[in-house]
*Asks:* 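Sharing a structure, written as structure tokens. Questions coming.
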Amino acid sequence: MKKVLITGAAGFIGSHLCDRFIKEGFYVVGIDSFLTGSPDNIAHLIGNEKFKFIKYDVTNFIYIPDEIDIILHFACPASPVDYLNHPIHTMKVDSIGTINTLGLAKAKKARYIFASTSEIYGDPQVHPQPETYWGNVNSIGPRSVYDEAKRFSEALTMAYYRKHNLDTRIVRIFNTYGPRMRMNDGRVVPNFITQALKNEPITVYGDGTQTRSFCYVDDLIGGIFKISLAENLAGEVINLGNPEEYKIIDFAQIIKELTDSKSPIVFKPLPQDDPKQRKPDITLARGKLGWQPKVNLKEGLKRMIEYFRGRIGL
Ligand code: UDP
């Protein structure tokens, strides 16, 4: 049985990855410090003979006795609110944590998948964003703790690929939503759905003309799974996301309609360096993996709304 190590295993995306690899017959070692992840996300896996959980912070030296075939480094706060609350730890997990997991991959001769982000493109001046775009990041702005740590981790990953011939793959993940996001993680999808379900004001930051493109978690997991298993992808960098682009103000309206909510829409200040537009160019993923998202926005949001209704008890 192949063995996979997933850091950030109790996070939103990490926990879905654990489920997928176990379902496909892999043995999964999951690591999480619970800084932003939650035991609830993996409670159903405890006792599963194909799953071992280690509560641990990967910024410390990692000792794993087992053989490991694939390492997926997914630990890191990912919501702007979370990484602004934990700026130093965000930088440590995507610098020291990346070195530790890359070192482990080298020792185990494992394939290495790094969870990067569309944030490495910063406030992009090229639209949509292809992998060849170098980005437009403010290195000393508040978001830099996340953006620069992810960029540094990309550089580290490529250094291990070039210097040690490690089989590395970088996944640049664009905005993703779905069950197991924390209701209070501060990102736009959980915020708007929670506000709409409670008939509280929906908080649009700025004038709402900034855009985002939202990918349902099942689609994303399918793409990461393909990237993890495909042959001949060493050294590759691949965008994963849904290219359907929405203005945030229109997105608020869609949530209002889907939840049949009486919430007013209110405008709040735009956070500093909030990217004005974002949409993945997924030509590479389509060509190399035969991957593209299947779940459209309204369908995905309906599933997410049902999940949140259950959590809120409505
Ligand atoms: N946003 C908003 N209201 C909220 C939360 C977020 O208008 O309550 C906006 C935010 O300013 C950004 C977009 O929604 O333009 C997406 O924000 P999110 O925090 O989900 O992630 P980002 O894509 O900025 O990393």
Side-chain angles (χ1 to χ4, degrees), residues 11-13 36 74 76-87 90 94 115-124 127-129 135-138 141-151 171-217 220 239-256 258-259 261 263-280 297 300-301 304-305 308:
F12 162 48
I13 292 175
T36 56
F74 276 64
C76 189
S79 143
V81 172
D82 284 340
Y83 59 71
L84 296 178
N85 278 338
H86 304 286
T90 297
D94 270 336
S116 189
T117 165
S118 52
E119 279 284 322
I120 66 103
Y121 299 121
D123 187 7
H127 195 71
Q129 294 79 52
N136 176 37
V137 172
N138 174 1
R143 293 174 93 101
S144 66
V145 295
Y146 185 68
D147 302 9
E148 295 293 3
K150 288 289 183 188
R151 290 173 69 96
V171 193
R172 290 191 183 143
I173 300 170
F174 284 65
N175 294 64
T176 300
Y177 68 98
R180 299 189 193 157
M181 281 182 114
R182 284 193 347 263
M183 272 187 294
N184 63 350
D185 91 354
R187 284 184 277 195
V188 68
V189 182
N191 268 14
F192 284 7
I193 294 180
T194 309
Q195 291 161 345
L197 287 175
K198 293 182 172 171
N199 289 311
E200 290 170 358
I202 297 180
T203 54
V204 169
Y205 300 159
D207 61 5
T209 55
Q210 73 272 31
T211 69
R212 292 294 185 276
S213 311
F214 300 99
C215 186
Y216 190 67
V217 66
L220 181 85
N239 284 342
L240 289 183
N242 190 323
E244 258 185 74
E245 184 184 12
Y246 294 87
K247 289 195 175 103
I248 293 302
I249 184 76
D250 297 337
F251 186 65
Q253 203 57 48
I254 293 171
I255 301 269
K256 241 188 103 153
L258 289 178
T259 50
S261 171
S263 295
I265 292 176
V266 299
F267 294 90
K268 300 266 178 187
L270 188 69
Q272 190 188 332
D273 297 337
D274 197 286
K276 282 184 269 314
Q277 51 181 1
R278 183 182 290 156
K279 167 182 167 152
L297 184 71
L301 284 177
M304 175 94 175
I305 289 165
F308 270 22

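Start at 1 and go down the list; that is how both ligands and their atoms are numbered.
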*Asks:* Consider only side-chain N and O atoms of E245 and S213, and report whether a donor and an acceptor are under 3.5 Å apart.
*Replies:*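 Their side chains do not contain a donor-acceptor pair, so the 3.5 Å distance test is not met.
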
*Asks:* Under 4.0 Å from a heavy atom of E119: give me the atoms of ligand 1 that qualify, with their elements.
*Replies:*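 Near E119, the atoms of ligand 1 are 25 (O).
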
*Asks:* Report yes or no: does F192 have a heavy atom closer than 4.0 Å to ligand 1?
*Replies:*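 It does, in that a heavy atom of F192 comes within the 4.0 Å cut-off of ligand 1.
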
*Asks:* Using modelled atom types only, decide if a donor and an acceptor are shared between the side chain of E148 and the backbone of N138 within a distance under 3.5 Å.
*Replies:*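 Checking the backbone N and O of N138 against the side chain of E148, no donor-acceptor pair under 3.5 Å is found.
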
*Asks:* Should you measure from each heavy atom of R278, which atoms of ligand 1 turn up under 4.0 Å away?
*Replies:*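 Listed by number with element, the hits are 22 (P), 23 (O), 25 (O).
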
*Asks:* To check you understand the geometry: which heavy-atom pair defines the closest contact between P190 and M183, and what is its length?
*Replies:*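 Shortest heavy-atom separation between P190 and M183 comes out as CB-O, 3.7 Å.
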
*Asks:* Backbone, side chain, both or neither: what part of V188 comes under 4.0 angstrom of ligand 1, heavy atoms only?
*Replies:*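 It is both backbone and side chain that touch ligand 1.
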
*Asks:* Atom 13 (C) of ligand 1: which protein heavy atom is closest, and how many Å away?
*Replies:*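 Checked against all protein heavy atoms, atom 13 (C) of ligand 1 sits closest to I248 CD1, 3.7 Å.
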
*Asks:* Find all atoms of ligand 1 within a distance of less than 4.0 Å from any non-hydrogen atom belonging to V204, and give their numbers and elements.
*Replies:*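 Those qualifying, in numeric order: 7 (O).
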
*Asks:* Which residue owns the protein heavy atom closest to atom 23 (O) of ligand 1, what's the atom, and how far is it?
*Replies:*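 Protein heavy atom with the smallest distance to atom 23 (O) of ligand 1: R212 NE, 2.6 Å.
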
*Asks:* For ligand 1, which atoms, with element, lie under 4.0 Å from some heavy atom of N191?
*Replies:*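 Going through ligand 1 atom by atom, the ones under 4.0 Å from N191 are 4 (C), 5 (C), 8 (O).
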
*Asks:* Would you mind listing which atoms of ligand 1 come within a distance below 4.0 Å of any non-hydrogen atom of G186?
*Replies:*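 So the answer, numbered in order with elements, is 5 (C).
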
*Asks:* When you check the side-chain N and O atoms of R278 and Y121, is any donor under 3.5 Å from an acceptor?
*Replies:*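 Y121 and R278 do not have a side-chain donor-acceptor pair below 3.5 Å.
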
*Asks:* A quick test of your reading: do over 12 heavy atoms of other residues, nucleotides or ligands sit less than 6.0 Å from NZ of K247?
*Replies:*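 Counting other residues, nucleotides and ligands, NZ of K247 stays at 12 neighbours or fewer.
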
*Asks:* What's the shortest distance from atom 7 (O) of ligand 1 to any protein heavy atom, and which residue and atom give it?
*Replies:*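 Residue, atom and distance for the closest contact: Y205 N, 2.7 Å.
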
*Asks:* Under a 3.5 Å threshold, yes or no: a donor from one side chain and an acceptor from the other, between D123 and N136?
*Replies:*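 Checked: D123/N136 side chains show no N/O donor-acceptor pair below 3.5 Å.
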
*Asks:* If you count the atoms of ligand 1 from 1 in the order shown, which ones are under 4.0 Å from a heavy atom of Q210?
*Replies:*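 Matching atoms, with element in brackets: 9 (C), 11 (O), 15 (O).
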
*Asks:* Should one rank R187, R143, K247, Q277 by closest heavy-atom distance to atom 22 (P) of ligand 1, which comes out on top?
*Replies:*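 The option holding the nearest heavy atom is R143.
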
*Asks:* Test your reading of the structure: does Q195 have an N or O sitting under 3.5 Å from an N or O of ligand 1?
*Replies:*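 There is no such contact.
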
*Asks:* So, F251 versus F214, ring centres under 6.0 angstrom or not?
*Replies:*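 Yes: the rings meet the under 6.0 Å criterion.
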
*Asks:* Quick test of your reading of the model: are D82 and R182 salt-bridged, counting only N-O distances below 4.0 Å?
*Replies:*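 Looking at D82 and R182, the cut-off is met.
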
*Asks:* Do S261 and N199 get their side chains close enough for a donor-acceptor pair, meaning under 3.5 Å?
*Replies:*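 S261 vs N199: donor-acceptor pair found between side chains.
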
*Asks:* Taking atom types as modelled, is there a side-chain donor on T203 or Q195 under 3.5 Å from an acceptor on the other?
*Replies:*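 Yes - a donor-acceptor pair under 3.5 Å links their side chains.
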
*Asks:* Identify the closest protein heavy atom to atom 15 (O) of ligand 1: which residue and atom is it, and at what distance?
*Replies:*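 Sorting protein heavy atoms by distance from atom 15 (O) of ligand 1 puts D274 OD1, 2.6 Å first.
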
*Asks:* Have a look at ligand 1 and work out which part of K268, if any, has a heavy atom under 4.0 Å from it: side chain, backbone, both or neither.
*Replies:*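 Contact part for K268 vs ligand 1: neither.
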
*Asks:* Are the charged groups of K150 and D94 less than 4.0 angstrom apart, N to O?
*Replies:*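 Salt bridge between K150 and D94, a charged N being under 4.0 Å from a carboxylate O: yes.
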
*Asks:* Identify, for atom 21 (O) of ligand 1, the protein heavy atom at the shortest distance, and state residue, atom and that distance.
*Replies:*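 For atom 21 (O) of ligand 1, the nearest protein heavy atom is N175 ND2, 3.8 Å.
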
*Asks:* When you look for heavy atoms under 4.0 Å from ligand 1, do you find them on the side chain of T203, its backbone, both, or neither?
*Replies:*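 Both backbone and side chain.
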
*Asks:* If you measure from each non-hydrogen atom of V189 to ligand 1, which part falls under 4.0 Å: side chain, backbone, both or neither?
*Replies:*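 The answer is neither.
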
